[in-house]
Amino acid sequence: MIDKRVASLAEAVAGIPDGATVLVGGFGASGVPVELVHALLDQGTTDLTVVTNNAGSGETDVAALLRERRVRKIVCSYPRSTGSVWFEERWRAGEVELELVPQGTLSERMRAAAAGLGGFFTPTGADTRLAEGKEVRVIDGRRHVLEEPLPGDVALVKAARADRWGNLVYRTAARNFGPTMAAAAALTVVQVDEFVELGELDPEVVVTPGIFVDRVVRVGAA
Amino acid sequence: MIDKRVASLAEAVAGIPDGATVLVGGFGASGVPVELVHALLDQGTTDLTVVTNNAGSGETDVAALLRERRVRKIVCSYPRSTGSVWFEERWRAGEVELELVPQGTLSERMRAAAAGLGGFFTPTGADTRLAEGKEVRVIDGRRHVLEEPLPGDVALVKAARADRWGNLVYRTAARNFGPTMAAAAALTVVQVDEFVELGELDPEVVVTPGIFVDRVVRVGAA
Amino acid sequence: MSLEGRLDMRAVARRVARDIPDGSYVNLGIGLPTLVADCVGSDKEIVYHSENGILGMGPAPAPGAEDPELINAGKQPVTLLPGGAFFHHTDAFLMMRGGHVDLTVLGAFQVSEAGDLANWATDDASHPPAVGGAMDLAVGARRVLVMTSHTTKAGEPKLVPRCSYPLTAAGVVDRVYTDLAVLDVTTEGFLVREMVAGLDPDDLQGATAARLTFAADLAVLDPS
Amino acid sequence: MSLEGRLDMRAVARRVARDIPDGSYVNLGIGLPTLVADCVGSDKEIVYHSENGILGMGPAPAPGAEDPELINAGKQPVTLLPGGAFFHHTDAFLMMRGGHVDLTVLGAFQVSEAGDLANWATDDASHPPAVGGAMDLAVGARRVLVMTSHTTKAGEPKLVPRCSYPLTAAGVVDRVYTDLAVLDVTTEGFLVREMVAGLDPDDLQGATAARLTFAADLAVLDPS
């Protein structure tokens, strides 16, 4: 019997160790697994490498992790945005390491990890400082950079609905990094708005099959 | 105004030149764009490189192309199956070149072309004769083979429904190579069972967005 | 030097919009380029792509009707048109990098005469760097249009022999639309196609660090 | 040499089935391994994966209820269980190569003492080669189980020091289930865990080209 549903946010993030690489879904405020990130914060986990597109804003989610000095390194494409004060503060103080990755390379590197690939050549970033130190090769007349897979120990993802097998569907543009991150981590933890019965999700419409998912929690759960 | 619907199978394959590399969807008899392949046959197009998982069976689709000597080369993972007599006949006579590719590498190479990547390292095929002549690199302690992108001049794909923008949904396991091939070709031609109005396909459920599709024809159309 | 004919950026957006073919798949960079969408005639059907997994973006929603998860690359609320679709980030960038987006309009700090684009970093060490999807769009869109003021606010030329700012991508820009001119990037450098009414070629060259050539059929930039 | 206790392959399938943990994601290779699905107890919930884009495959449909497009890797009609999902080929192989499939059961021409697997080509030059998804499964599944007769019909050993047939993948096999024994691939080669009742270790070694070691807790292979 497969049942990936857990009863609480605390249970959802239980066992995530200090030092983990955590993939955090979301683009701006869309699709961010806010409650899961706060559960991780409440648990006290620290020394994290956080992979996420933006570096948080205001006092919530990734910004709160930064404020509480739980983040050793952040891997992202666009850390500087309106309200990214805690990232900027920690970065200026040299308290957080930044690995800046072009957005498409960020998601493709996670996909490579998900797909068991050893890396890929991409034209993105060639001839720029983000290729510094990387292998460059001319392929079909164009310069390409060799990029490495980027796996997570953990992925924290927000979806709309899940069944007990962990099949997921998302809502509008909140899908963003969720499907890729869910597939790229050793432990994938998902928060959803709603649980549905097995078989209720149309098999043509499942976006993330449960094979990628380990734990699902309904937000609002105790 | 975007309207990718064409009125006939002949119009759907019009202009596909001799010598083209054609990606043909399908796995066994599931999801094969039979009518489009026969339209290509009727058009007389020849000297083709056909990329497809199997090499056809009996007297239809890819088997018919082989019988009529329209195929110079076939790139596939499993050419030998029940009824693949025309492939075997042409292969034994040295009339068709075979490039054998592991199935996952076949689809991943087409995806790399679709994604604008210059190639990828995969553990699949390392230490086997299918890696002969290819660059091998040890990554993370494991031997990987460098594989090249595999783009098509044309993709022939079967789907279930389409709207005038070319958005597609498929039916059960007939989806197979369709979404990847549709994205990997310069000209993507799709046969569907049904046209629907723009907006009728749920945006959460579109499997192949119309950006990948050039022409759509309803089978049974004149 | 008289640069009196300078257009406002809305007029530049109108000029860019005229060059977008009916039926195009278009990605508009954040900031100024988003003005272009409002200027495309209703006779054209354009499918707007957003890097966060949207095709078929429509205009901003009515106040109060915003969906906080349905946003564009600039994090502003948007709507979805009939025929639109959602997909994940990796597929969104497959579309961009893989040459499926017909055209992008991007802002720029500098464009070089070789078509190099610098639009992501100014090397201001007091701010952390941020790149987003700029590099992917620049290398991947079939046609890269740049929309920018011809000079900086301080009067520094933005069209240069070589970019001094960090590159976004090398040799990618096809055409530049400024508040003074429309210029193609050619193998011989910038070729001026159109200039605003009343501008003297010498004055345009004076506002440009790169050497300009002028098209034989040089036209007046119509700001309407 | 007495190999009288040989099991039929259905009994081997039953033995394999006992080793599949409840809740596993499983891909069964075409041919003999598909027997395993029928032998898994109803107390276990197993999610079967098929390379052509299916998770949650159910048993064969009733005669007349076949859907010609809903087939498994062996091109036989199947059904889909509640909770199942369809996806495209590239995602199906992402699951396989990326270590998401917990275990696979594969047939074999030969397995070497280093865990090398040869199961796709016999170098019969009169037939064209075909590989399918065999290499992807072999490198990607978290656990690779092989199910095979201990020797060929002609009596040639299939468990060998080095494969003479072309490799599918090197160093991937975890455990082998034959009609005579269950053997783990260890850093010291084949370790016999179980043998059929009444079989003499020397006879098993006699039917095996690779050197065998025998587990201290060697057990009888229960075929029930």
Side-chain angles (χ1 to χ4, degrees), chain A residues 25-32 53-55 57 74 76-82 84 87-88 91-92 96 98 100-111 114 122-131 142-143 158 160 170-183 207-208, chain C residues 30 50-54 57 67-80 84-99 114 116-118 120-121 123-140 163 165-172:
Chain A
F27 179 85
S30 175
V32 178
N53 192 62
N54 308 103
S57 173
I74 190 159
C76 72
S77 89
Y78 212 82
R80 193 184 67 229
S81 40
T82 315
S84 61
F87 168 72
E88 295 189 40
W91 178 80
R92 283 204 189 85
V96 63
L98 169 65
L100 192 72
V101 182
Q103 195 171 163
T105 299
L106 186 72
S107 64
E108 192 69 26
R109 286 180 60 196
M110 289 188 281
R111 182 190 177 274
T122 176
T124 301
D127 305 302
T128 77
R129 67 171 53 167
L130 296 190
R142 190 167 205 195
R143 290 162 62 83
K158 177 183 177 178
Y170 300 82
R171 210 174 63 78
T172 73
R175 186 182 304 191
N176 60 62
F177 286 94
T180 301
M181 288 181 170
V207 173
T208 294
Chain C
I30 60 177
S50 189
E51 65 189 20
N52 52 322
I54 313 174
M57 269 195 305
D67 171 352
E69 314 241 59
L70 182 46
I71 58 175
N72 65 13
K75 278 84 171 180
Q76 300 154 317
V78 294
T79 52
L80 193 78
F86 299 113
F87 36 89
H88 62 58
H89 241 88
T90 311
D91 277 352
F93 279 84
L94 175 152
M95 294 176 191
M96 289 155 72
R97 196 194 309 103
D116 298 352
L117 174 66
W120 72 281
D123 275 339
D124 172 355
S126 67
H127 287 293
V131 63
M135 290 184 179
D136 305 278
L137 260 178
V139 303
C163 296
Y165 287 134
L167 286 196
T168 305
V172 296

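Hydrogens, waters and symmetry mates play no part in the numbers below; they use all other heavy atoms, side chains included. In the text below, chain A, chain B and the rest are named by the order of the sequence lines, each starting its count at 1.
- Proximity to chain C is limited to the backbone of A:Ala29, based on heavy atoms less than 4.5 angstrom apart.
- Heavy atoms of A:Ser81 lying under 4.5 Å from chain C are absent altogether.
- Once rounded to the nearest 0.5 Å, the distance linking CG of C:Asn52 with OG1 of A:Thr172 reads 9.5 Å.
- In this structure, the portions of C:Leu70 lying under 4.5 Å from any heavy atom of chain A include both its backbone and its side chain.
- When atom types are taken as modelled, the side chain of A:Asp127 and the backbone of C:Ala170 share no donor-acceptor pair closer than 3.5 angstrom.
- Using a 4.5 Å cut-off between heavy atoms, A:Phe87 contacts chain C through its side chain alone, with no backbone atom that close.
- Neither the backbone nor the side chain of C:Ser50 comes within less than 4.5 Å of any heavy atom in chain A.
- Going from atom CG of C:Asp136 over to atom OG1 of A:Thr124 covers 4.0 Å, rounded to the nearest 0.5 Å.
- In this structure, the portion of A:Arg111 lying under 4.5 Å from any heavy atom of chain C is its side chain and not its backbone.
- Considering only heavy-atom pairs separated by less than 4.5 Å from chain A, the leading option among C:Pro68, C:Ala130, C:Pro166, C:Gly140 is C:Ala130.
- Most heavy-atom pairs under 4.5 Å with chain A: of the set C:Ala121, C:Ser126, C:Ala118, C:Gly53, this distinction falls to C:Ser126.
- Interface remark: C:Phe86 contributes backbone and side-chain atoms alike to the contact with chain A (heavy atom separation under 4.5 Å).
- With a 4.5 Å cut-off on non-hydrogen atoms, C:Asp116 does not touch chain A at all.
- A pairwise comparison of heavy atoms in A:Gln103 and C:Gly133 identifies NE2-N, 3.3 Å as the closest pair.
- The aromatic rings of C:His89 and A:Phe177 lie parallel to each other, with less than 30° between the two planes, well short of the 60° mark.
- Ion pair A:Arg129/C:Asp123 flagged as a salt bridge, since at least one NZ, NE, NH1 or NH2 atom sits closer than 4.0 Å to an Asp/Glu carboxylate oxygen.
- C:Pro128 touches chain A through backbone and side chain together, each having a heavy atom under 4.5 Å away.
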